[in-house]
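Reading through the structure tokens given below for one structure.
The analysis underlying the following values was restricted to heavy atoms, covering all of them including side chains, and did not include hydrogens, waters or symmetry mates.
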Amino acid sequence: MKNFIIAFFIFLIWSFFGIWLYSWLNPSQEKKEITQAKTNLESTEKLPLVTPDSIENSIRDTLDLSENIQPQTEEEYVSNGLKATNAEGDVVFLFPKGIQIFRDSAAVFIPPEALDFKYKINTYLIEHPKEEVQILALYAASEKIANPNLGTQRGNAIKAILREVGISRERIAVKSMIKPINFDEQGVFPYGISFIFSPIDSTRVNLLKFKLPDDKTMYPKLINNDIFVNEELKALLEEAQNVLQANPNVHIEIIGHTDNIGNANDNYLLALQYARQVRWYLITKGGLDKDRVLALSEGEAKSIADNNTERGRFLNRRLEIKYKTN
């Protein structure tokens, strides 16, 4: 009897051990269903796209979705190379090499392979008389502060090139765009300018008619005390024609200046002579009213640099152009 009881207890112990081992090796049906459901979800169900509109205001401030949202802005037109597109987004022309800009500088560099861009723009505008060209010029927030900003200054440099091929200022708009720029180790970025053709902005054109150009300083090339007609003088002629025609109550003043070498009275007359030469050029070549083009002289009286240096004397020998209302 004693042996039977001992054998029975041993049997019970092994039975419990066997049941425990079976349950550990074989998960329950509930666990199987959960595992299977999880597998099906991962293989067939797609997660919804998260957008700012789908997020509650209470939690939106804790999330940063900016890297996943692509803004629809003019920056889409800026790409590798020198590109021009029309209002529909079609590429009008594309040069593999772009116009370079330089950190903290308004200077631009046009590679030889892209020099024809100005002629392509001129041709397009001739064929599309109701459109204008917008110059998209980049600058970075990390660059030095300038007024106007460096983007505008870079755009104006390109605008001057377009004006030289005969494109009127009314059909050229400069738009500076601030964005992060990856300048290289030499401070150069190769794709700083692009172009968009769009319908002429009549509001902007009308504002131009009532906005007088800023005062400008010219350093004319002198040959035997006569002023050589260069591209700068030709650009002044076209500008003066446009401004005086659009503004009947405006006149232009041409003010001559010299260095202090020689007699003060002689310098006064010399500066007046240069101003009169430019005045005569504008009147005879541009058909301007002689009463609205004035030649004046300051002689050596208003130096802007040190007359003791060659560089300073050069800067002092100048002409100032000013538009004034009557």
Side-chain angles (χ1 to χ4, degrees), residues 118 121-122 125-126 129-130 132-133 135 148 155-174 200-258 267-302 304 314-326:
K118 54 188 175 182
I121 291 177
N122 189 38
L125 292 179
I126 291 174
K130 295 184 179 181
E132 66 182 21
V133 61
I135 304 170
N156 285 336
I158 300 300
K159 179 179 179 179
I161 294 173
L162 297 181
R163 297 278 284 119
E164 289 176 356
V165 297
I167 303 175
S168 66
R169 64 173 186 150
E170 289 83 2
R171 301 186 69 186
I172 306 173
V174 175
I200 292 177
D201 185 345
S202 58
T203 301
R204 180 184 63 81
V205 172
N206 289 332
L207 288 175
L208 281 176
K209 293 180 179 179
F210 299 101
K211 181 181 178 181
L212 298 181
D214 295 332
D215 297 346
K216 57 176 58 64
T217 300
M218 299 176 57
Y219 292 90
K221 183 177 180 181
L222 306 177
I223 300 179
N224 296 327
N225 286 334
D226 290 328
I227 291 182
F228 178 74
V229 177
N230 55 16
E231 294 300 323
E232 186 179 25
L233 199 54
K234 293 178 181 178
L236 174 63
L237 173 63
E238 182 179 357
E239 179 186 81
Q241 287 177 309
N242 293 334
V243 172
L244 297 189
Q245 181 179 0
N247 302 275
N249 63 332
V250 169
H251 67 268
I252 182 172
E253 294 181 356
I254 307 161
I255 307 168
H257 299 266
T258 69
N267 286 335
Y268 177 88
L269 295 176
L270 183 61
L272 184 60
Q273 176 187 339
Y274 295 152
R276 283 176 172 172
Q277 288 184 34
V278 173
R279 174 181 182 269
W280 185 246
Y281 172 76
L282 297 180
I283 292 172
T284 56
K285 297 298 183 180
L288 302 182
D289 184 350
K290 64 180 182 179
D291 293 330
R292 300 176 66 191
V293 184
L294 306 181
L296 305 172
S297 174
E298 292 287 354
E300 63 183 56
K302 293 187 177 180
I304 59 173
F314 170 79
L315 293 175
N316 289 331
R317 297 191 295 268
R318 68 196 190 278
L319 289 172
E320 290 182 335
I321 312 299
K322 298 183 178 183
Y323 294 94
K324 299 288 187 68
T325 55
N326 298 332

Tell me, do [X] and [Y] make a side-chain contact under 4.5 Å, heavy atoms counted?
{"X": "Gln277", "Y": "Tyr274", "result": "yes"}
{"X": "Arg279", "Y": "Leu282", "result": "no"}
{"X": "Glu170", "Y": "Glu132", "result": "no"}
{"X": "Val293", "Y": "Asp289", "result": "no"}

*If you count the non-hydrogen atoms of other residues, nucleotides and ligands that lie under 6.0 Å from CD in Glu164, is the total more than 12?*
yes

*asked:* Using a 6.0 Å cut-off, check whether atom CG of Asn249 has over 12 heavy atoms from anything other than its own residue.
replied: yes

Could you list the residues that satisfy side chain to side chain donor-acceptor pair (under 3.5 Å) with [X], not counting sequence neighbours?
{"X": "Arg163", "answer": "Glu238"}
{"X": "Arg292", "answer": "none"}
{"X": "Arg171", "answer": "none"}
{"X": "Lys216", "answer": "Glu239"}

_CA sep, side-chain torsions, deciding dist, call: Asn122, Ile126, side chain to side chain contact (heavy atoms under 4.5 Å, CB included)_ = CA-CA 6 Å; Asn122 189 38; Ile126 291 174; 4.0 Å; yes

*What residues, two or more places apart in sequence or in another chain, satisfy salt bridge (Lys or Arg N to Asp or Glu O under 4.0 Å) together with Lys290?*
none

Output the distance between atom [atom1] ([X]) and atom [atom2] ([Y]), rounded to the nearest 0.5 Å.
{"X": "Arg317", "Y": "Thr258", "atom1": "CZ", "atom2": "OG1", "answer": "9.0 Å"}
{"X": "Phe314", "Y": "Asn316", "atom1": "CZ", "atom2": "CG", "answer": "10.5 Å"}
{"X": "Gln245", "Y": "Leu288", "atom1": "CD", "atom2": "CG", "answer": "10.0 Å"}
{"X": "Ile283", "Y": "Asp291", "atom1": "CD1", "atom2": "CG", "answer": "8.5 Å"}
{"X": "Leu244", "Y": "Tyr323", "atom1": "CG", "atom2": "OH", "answer": "6.5 Å"}
{"X": "Ile252", "Y": "Asn247", "atom1": "CD1", "atom2": "CG", "answer": "12.0 Å"}

Could you pull out the closest heavy-atom pair between [X] and [Y], with the gap in Å?
{"X": "Lys322", "Y": "Ile255", "value": "CD-CD1, 4.1 Å"}
{"X": "Gly256", "Y": "Ala275", "value": "N-CB, 4.0 Å"}
{"X": "Gln241", "Y": "Gly286", "value": "NE2-O, 3.1 Å"}

*Show your working on side chain to side chain contact (heavy atoms under 4.5 Å, CB included) between Thr217 and Ile304 and close with a plain yes or no.*
CA-CA 11 Å; Thr217 300; Ile304 59 173; 5.6 Å; no

*asked:* Tell me if a side-chain donor or acceptor on Asn230 pairs with a main-chain N or O of Leu233 at a distance below 3.5 Å.
replied: yes

*Would you check, one step at a time, whether the test side chain to side chain contact (heavy atoms under 4.5 Å, CB included) holds for Ile321 with Asp215?*
CA-CA 6 Å; Ile321 312 299; Asp215 297 346; over 6 Å; no

*Lys118: what forms a side-chain contact (heavy atoms from CB on, under 4.5 Å) with it, not counting sequence neighbours?*
Ile161, Leu162, Val165

*Partner of His257 under side chain to side chain donor-acceptor pair (under 3.5 Å), chosen from Lys302, Glu320, Glu298*: Glu320

*Checking side chain to side chain contact (heavy atoms under 4.5 Å, CB included) for the pair Thr325/Leu212: CA distance, chi angles, key distance, verdict?*
CA-CA 9 Å; Thr325 55; Leu212 298 181; 4.2 Å; yes

